[in-house]
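Below is one structure, written out as structure tokens, with a few remarks after it.
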Amino acid sequence: MSKSTENEVVWQDTIQDDQQPKAPIKIGLATGLGALLWLGPYLGVNAVLLPAKVQQVAPSDKAQIVALLASAAMIVATLANIIIGGLSDLIRSRWGRRTPWIIAGSVGA
């Protein structure tokens, strides 16, 4: 750690409880709401509607097609998480780095 003057802020790799100005309530609520709004429709479609539609289109290959679609969705989600995570690290706004992405993701979901 380097020496600092009275007005200079020094970067630290960890923040103690007494140094954190307030609990991140808004971020926590936005993250929870985003996950809920995304997982509800996704799990409904993935568990009920997708297998039913595949059953109508190709009943003999239902398991293989559903597995292929689930695998493709996982790969796309992994890449999207990496790309959006990198973009959120680069972009700054008056609400912070992550908050606009969390709100946009919640609304988009």
Side-chain angles (χ1 to χ4, degrees):
M1 189 187 287
S2 64
K3 294 182 180 180
S4 66
T5 63
E6 190 173 316
N7 295 331
E8 184 180 338
V9 177
V10 176
W11 182 85
Q12 295 178 337
D13 59 344
T14 58
I15 296 176
Q16 304 299 322
D17 287 339
D18 59 338
Q19 294 173 322
Q20 186 164 341
K22 60 182 178 175
I25 302 292
K26 291 180 185 177
I27 298 292
L29 290 174
T31 303
L33 182 62
L36 184 65
L37 291 173
W38 172 77
L39 281 174
Y42 173 75
L43 292 176
V45 168
N46 198 30
V48 178
L49 299 178
L50 179 63
K53 184 57 84 176
V54 172
Q55 177 71 27
Q56 291 176 346
V57 175
S60 62
D61 296 327
K62 180 177 143 181
Q64 290 85 2
I65 293 173
V66 170
L68 176 67
L69 292 172
S71 299
M74 286 184 239
I75 292 169
V76 169
T78 300
L79 294 174
N81 284 334
I82 292 168
I83 292 168
I84 291 173
L87 288 174
S88 73
D89 285 342
L90 295 175
I91 295 174
R92 303 278 192 268
S93 74
R94 65 180 181 175
W95 301 289
R97 290 187 300 180
R98 305 271 194 284
T99 305
W101 290 93
I102 293 170
I103 292 171
S106 298
V107 171

What pairs of donor and acceptor atoms, side-chain ones from residues 79-89 against any protein atom, are under 3.5 angstrom apart with sequence neighbours left out?
| residue | atom | partner | partner atom | Å |
| --- | --- | --- | --- | --- |
| Asn81 | ND2 | Ala77 | O | 3.2 |
| Ser88 | OG | Ile84 | O | 3.4 |
| Ser88 | OG | Gly85 | O | 2.9 |
| Asp89 | OD1 | Arg98 | NH1 | 2.9 |
| Asp89 | OD1 | Arg98 | NH2 | 2.8 |

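- Here Ile27 sits in one hydrophobic cluster together with Ile102; the rule is ILVMFWY side chains under 4.5 Å apart, joined directly or through other members.
- What you find for Ser106 and Gly34 is that their closest heavy atoms are OG-CA, 3.3 Å.
- Connectivity analysis of hydrophobic side chains (ILVMFWY, heavy atoms under 4.5 Å, direct or indirect) links Trp95 to nothing; its cluster partners are none.
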Distance-only donor-acceptor hits, side chain of residues 37-54, under 3.5 Å, sequence neighbours excluded:
none

Indicate every side-chain donor-acceptor pair of residues 62-69 with a distance under 3.5 Å to a residue at least two apart or in another chain.
none

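- Counting only residues at least two apart or in different chains, ring pair (Phe, Tyr, Trp, His ring centres under 6.0 Å) contacts with residues 59-89 are absent.
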